[in-house]
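Everything below concerns the one structure shown next.
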Amino acid sequence: MTRTPLIAGNWKMNLTYIEAQALLEDLVENLKEAGHKADAVEVAVLPPFVDIRTVQTVLDGSGSGIAFGGQDISEHESGAYTGEVSGTMLKALGATYAAVGHSERRQYHGETEQVTNAKVKAALANELSPILCVGEPLEERKAGKHVEYTLAQVEGGLEGLSAEEVKKVVIAYEPVWAIGTGEVATSEDAQEVCHEIRDLLATKFGDEVADAVRVLYGGSVKSSSIVDLMQQADVDGALVGGASLKADEFAKIATYNVAA
Ligand SMILES: O=C(CO)COP(=O)(O)O
């Protein structure tokens with residue numbers, strides 16, 4: 001089984017819909033110029049909710065093959081949940097993905113393992129692929145507990161899912177100490193944990209599932225670090241924050257496989 005690499009840009013709380021349109025038009029152009037082949041490397045963007053309609057309009061008929069998704073999703077289907085956005089709403093816009101359990105959601109919005117698990121299920125119920133984000137804070141890494149900590153988050157996030165459902169999940173390993181700090185984990189650090197994640201998937205859900213699931217690395221990814229990361233056997237792509245806000249840099253990252 002060969003997994004199609006995924007390079008996803010998490011815009012976080014950046015870009016008005018007007019800025020989003022300009023960035024995306026530039027990105028489509030930059031990817032074309034850089035020789036991006038959508039069937040070789042999948043590209044996706046995760047805009048703020050209010051930008052998604054604009055993103056859909058720009059991408060529709062662009063022939064770019066760029067997918068998009070939410071940075072979050074409500075665990076609920078509909079009703080009196082002020083401020084929330086449902087899977088049905090995302091799906092209706094043509095979204096493919098929903099990020100779930102990003103460390104910023106866990107840290108600043110108190111999202112527990114249970115909530116994360118419910119959101120994974122809400123995404124799947126709406127035929128969206130959850131991008132389940134996991135990864136340890138600095139203290140856990142210093143204590144040598146990074147694998148244990150991260151695998152517990154993977155287990156918690158996938159609790160109660162069938163093997164068929166797990167195949168649709170993307171897992172993003174994002175060590176908290178490497179997010180927005182300029183501190184990229186070494187490719188070996190990324191490989192170590194991504195490999196352990198795949199091993200866990202094999203043990204719990206079987207080899208076929210472990211072979212199918214894409215495991216991404218995230219944390220200060222740049223065009224200068226992507227090639228090494230992608231050479232690792234268990235790293236199937238990247239979840240890119242800051243560098244996804246620059247069309248030329250993000251296009252370079254997404255075309256890491258195209259000879260210069
Ligand atoms: O959190 C991230 C992506 O979800 C990573 O962000 P940076 O690439 O800015 O470190």
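Just follow the structure's listing: the first ligand is 1, and inside any ligand the first atom is 1.
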Close-contact set for ligand 1 against Glu174 heavy atoms, below 4.0 Å: 1 (O), 2 (C), 3 (C), 4 (O), 5 (C)

Sidechain-backbone polar pair: Arg198 side chain, Asp234 backbone, donor-acceptor under 3.5 Å: yes

Any donor-acceptor N/O pair, Ser86 side chain to Ser78 backbone, under 3.5 Å: no

Phe49, CZ: over 12 other non-hydrogen atoms inside 6.0 angstrom: yes

Proximal ligand 1 atoms for His102, defined as those under 4.0 Å from one of its heavy atoms: 1 (O), 2 (C), 3 (C), 4 (O)

Atoms of ligand 1 close to Gly242 [distance to a heavy atom under 4.0 angstrom, numbered from 1]: 7 (P), 8 (O), 9 (O)

Mode of Leu239 contact toward ligand 1 - side chain, backbone, both, neither (heavy atoms, under 4.0 Å): both

N/O separation below 3.5 Å, Gly218 to ligand 1: no

Residue pair His146 / Glu192, side-chain donor-acceptor N/O under 3.5 Å: yes

Atom indices of ligand 1 within 4.0 angstrom of Ala178 heavy atoms, with elements: 10 (O)

Salt bridge (charged side-chain N to carboxylate O under 4.0 Å, His left out), paired with Arg106, selected from Glu174, Glu113, Glu136: Glu113

Flag if over 12 foreign heavy atoms under 6.0 Å of CD, Glu127: no

Heavy-atom neighbours of Gln114 CD exceed 12 at 6.0 Å: no

Candidate list Asn30, Val28, Leu24, test side-chain contact (heavy atoms from CB on, under 4.5 Å), partner Asp26, passing option: Asn30

Ligand-side contact atoms (ligand 1) for residue partner Ser220, heavy atom cut-off under 4.0 Å: 7 (P), 8 (O), 10 (O)

Any N/O pair Lys12/ligand 1 closer than 3.5 Å: yes

Polar proximity ligand 1 side, Val240 side, N/O cut 3.5 Å exclusive: no

Identity and distance of the protein heavy atom lying nearest atom 8 (O) of ligand 1: Gly241 N, 2.9 Å

For Gly219, the ligand 1 atoms whose distance to one of its heavy atoms is below 4.0 Å: 5 (C), 10 (O)

